[in-house]
Amino acid sequence: MNELHNMEGMDLLEALLLQKLITEEQADQVRRRMRRAQIPAQQAVLELGFVGQEALYRTLSHTSSIPFVLLDQVTLSDEAVQKVSARVALRYQFVPIELDRGTLKAAFANPPAIRDRENLRLLLGLRLEPVIATPAQINLYLKQLYGLGAEKVIQIRQDRKATRLDEIEGTFDNREVEDLDQDDSSDASIVQLVNEIISDAIRQHATDIHIEPFREFIKLRYRIDGMLREIPTPLGMLELHEAIVSRLKIMARLNIAEKRLPHDGRIRLMRAGEATDLRVSIIPTRFGETICLRILSSSAIFIEMSHLGLSEYQLKLLTSLISIPHGIVLVTGPTGSGKTTTLYAALAYVRNTFPERKIITVENPVEYELSGSSQIQMHAEIGLTFASALRSILRHDPDIILVGEIRDNETADIAIQSALTGHLVLSTLHTNDSVGAVNRLINMGVEPYLVASALVAAIAQRLVRRICKHCKIEDEMIPRRVRAEIADTVGLAPEDVRAWKGKGCIECDQSGYRGRVAIYEFFLLNDEIQDMVADHAGTSELRKAAIERGMKVLRQDGWAKVALGYTSIDEVQRITSNFQISYDLDEI
């Protein structure tokens, strides 16, 4: 700590080296990036990811002699916030904290230059007392105070008064790929506003963007780690809703004049050199068109099977299942449970391990490009359905067939026949658990003896949020019933059970979670269970038989992830409340 008090006036990189937060080699990389991009040292360090934001900005505070604050630990004064307009705060990137006798205390992401201090003194008529906060907190609090895209909304309202449709149409330039990094400053800010919404969602690792109009306001929400999070929007956003919809329709090559029917489309984006696809769905509602954008990033889907969250036993099991010559392997679960990620990881493993095998997929839509496989996009309007595509696929001599989803009797029948004639079929099914896949197929009209012959395994999965590694602490309040369940699952004495949770920090936006990991349930059909299926056994009988033969249910795999410190007790209870194991213990 004594080192920190002697850093005033020291170069930031020297201070980081002194604390051994970076190496000499990393310092050289930072200097090269600073020269190439003409950016300050702290920004280069953040972009390279060498130091966490809080540690970096505490060091910057000592070198610049400007105090460091954590905005979530201070109370913002209403008087200070009202004194500063959204345009000024956003232009100079600061958060007003306190107003005291003509002096405004404000938090900046970077030490303000002398010129900026003077400009603010003249604009506000106040003396300035700057402090430093992390860029993540500055951006978060600016959004909370003024709304996402406030500067763009203000500009549009002032400069255009009303956004005309012909101006929006003027932004259509026949680009096949939209570049989010391109500066459209010559054009009005609708383009910039839409780009900012999309970029902000991608930056926060959102999977979906929801834009919903109501009578007096517009609601913007991101789905992050499976949970919807509302994003503050500025005043005046509602009056720009039609322009936002029109811009997104243009990007997706949809008919902007049709507002009475649902629309589905696709947008191809480039951001920081990385390709991202958006699946666009627009439906008409009472107060205007509601938009849902599904963010499909190739970097998020092509992961190795070893990174899925499978235990060592489950990994060996899945590897053996996708290595068999024929049969059906189903992955079950609701929308957004990670089924596609698991299947693509499995196919990538097969492609790399068995290059002699031919892979054909039939999907609706084809969400990701899988190199080395033939992928077919459904077009039901011209008769290209899962069933019709499957019939043609069989004449192309495939070894492995991926069917995006089995949703009707015809598709199920052909998938069963494909498995019985020497093909490995991978597909998804919407059921609540793995065992339910059997009777779901039977309810579709497949004969029980065919299900018993073709179905090799059904894998149920859910996604639980990972505990943020930056604020992970031990959970001291484990309920007695839960402690018993975990102890029984992992083979410990109840008093030896440990669990963790996230306290909440800058890195996880105070949620305590960052990222997700899957929990699994493997239902394997051995000879005995196949006989039960052929004899029309019910779901409860099949589940009981599978558990007696060693099947671990979703909730048990969740408790194993808790014991390993991956996720929290609350998260497992939230996701698996319908699958609770019965224990004869009293509630606390």
Side-chain angles (χ1 to χ4, degrees), residues 225-227 308-315 317-318 330-339 341-342 428-440 457-467 475 477-502 512-513 515-524 529 538-588:
D225 293 337
M227 306 292 285
L308 290 173
L310 296 158
S311 68
E312 186 177 349
Y313 169 74
Q314 290 171 337
L315 182 59
L317 196 55
L318 181 57
L330 296 175
V331 181
T332 73
T335 301
S337 60
K339 301 187 297 295
T341 301
T342 297
T428 68
L429 199 63
H430 287 285
T431 62
N432 287 330
D433 61 4
S434 59
V435 183
V438 170
N439 282 310
R440 180 82 176 93
I459 306 167
Q461 76 174 75
R462 298 289 190 277
L463 294 176
V464 293
R465 291 180 291 173
R466 280 186 183 268
I467 299 172
D475 188 350
M477 304 295 291
I478 305 177
R480 184 180 171 188
R481 177 188 293 270
V482 169
R483 187 181 291 275
E485 286 191 40
I486 297 174
D488 189 55
T489 299
V490 300
L492 292 174
E495 60 271 15
D496 294 331
V497 168
R498 299 177 68 194
W500 291 262
K501 61 183 180 180
Y513 300 97
R516 290 190 288 178
V517 65
I519 57 175
Y520 294 92
E521 176 181 292
F522 282 73
F523 173 53
L524 306 177
I529 291 181
T539 299
S540 58
E541 293 176 75
L542 292 172
R543 184 182 297 109
K544 182 179 179 182
I547 291 173
E548 287 175 353
R549 286 155 184 78
M551 183 181 82
K552 300 294 184 183
V553 298
L554 278 168
R555 191 172 175 91
Q556 288 174 303
D557 194 39
W559 292 140
K561 297 293 194 299
V562 167
L564 290 169
Y566 293 163
T567 191
S568 69
I569 290 171
D570 288 346
E571 190 66 4
V572 171
Q573 288 181 319
R574 179 179 71 85
I575 293 295
T576 66
S577 57
N578 293 337
F579 308 99
Q580 184 169 358
I581 302 169
S582 297
Y583 278 82
D584 295 326
L585 296 173
D586 294 331
E587 290 281 1
I588 293 177

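Start at 1 with the first residue, then count along the sequence. Computed from heavy atoms alone, side chains included, the values below leave out hydrogens, waters and symmetry copies. The structure presented is a predicted model; accordingly, all values stated were derived computationally and were not measured.
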Measuring from [X]:[atom1] to [Y]:[atom2], what's the distance to the nearest 0.5 Å?
X      : Y      : atom1 : atom2 : answer
Asn432 : Thr539 : CG    : OG1   : 10.5 Å
Leu564 : Ile467 : CG    : CD1   : 11.0 Å
Ser434 : Leu429 : OG    : CG    : 11.5 Å
Ile519 : Trp559 : CD1   : CH2   : 9.5 Å
Tyr520 : Arg462 : OH    : CZ    : 12.5 Å
Thr332 : Glu521 : OG1   : CD    : 7.5 Å

Any non-hydrogen side-chain atom of [X] less than 4.5 Å from a side-chain atom of [Y]?
X      : Y      : result
Thr335 : His430 : yes
Phe522 : Met551 : no
Leu317 : Tyr313 : yes
Leu492 : Ile486 : no
Asp433 : Arg543 : yes

(message) Walk me through whether Arg574 and Glu571 qualify under salt bridge (Lys or Arg N to Asp or Glu O under 4.0 Å).
(response) CA-CA 5 Å; Arg574 179 179 71 85; Glu571 190 66 4; 2.5 Å; yes
(request) Would you mind checking if Asp225 and Arg466 are paired as a salt bridge, meaning a charged N to carboxylate O distance below 4.0 Å? (result) no
(message) Check Glu485 with Arg555, please: is the shortest side-chain N to carboxylate O separation under 4.0 Å?
(response) yes
(message) With a 3.5 Å distance limit and no angle check, can you tell me whether Arg549 reaches the backbone of Ala545 through a side-chain donor-acceptor pair?
(response) yes
(request) Check whether any side-chain N or O of Lys561 sits under 3.5 Å from a backbone N or O of Gly309 as a donor-acceptor pair, and report yes or no. (result) yes
(request) Please check if atom CD in Glu548 has more than 12 non-hydrogen atoms from other residues, nucleotides or ligands closer than 6.0 Å. (result) yes
(request) Apply side-chain contact (heavy atoms from CB on, under 4.5 Å) to the pair Met477 and Ile569, showing each step before the final yes or no. (result) CA-CA 10 Å; Met477 304 295 291; Ile569 290 171; over 6 Å; no
(request) Go through Thr431 and Arg440 one step at a time and tell me if the side-chain contact (heavy atoms from CB on, under 4.5 Å) criterion holds. (result) CA-CA 7 Å; Thr431 62; Arg440 180 82 176 93; 3.7 Å; yes
Do you know which two heavy atoms are closest between [X] and [Y], and how far apart they sit?
X      : Y      : answer
Val490 : Ala563 : CG1-CB, 3.9 Å
Lys339 : Val331 : CD-O, 3.5 Å
Val497 : Ile478 : O-CD1, 4.0 Å
Ser337 : Leu463 : O-CG, 3.4 Å
Asp475 : Lys501 : CG-CD, 4.1 Å
Leu330 : Ala437 : CD1-CB, 4.1 Å

(request) List the steps and the verdict of side-chain contact (heavy atoms from CB on, under 4.5 Å) for Trp500 and Val562. (result) CA-CA 7 Å; Trp500 291 262; Val562 167; 5.9 Å; no
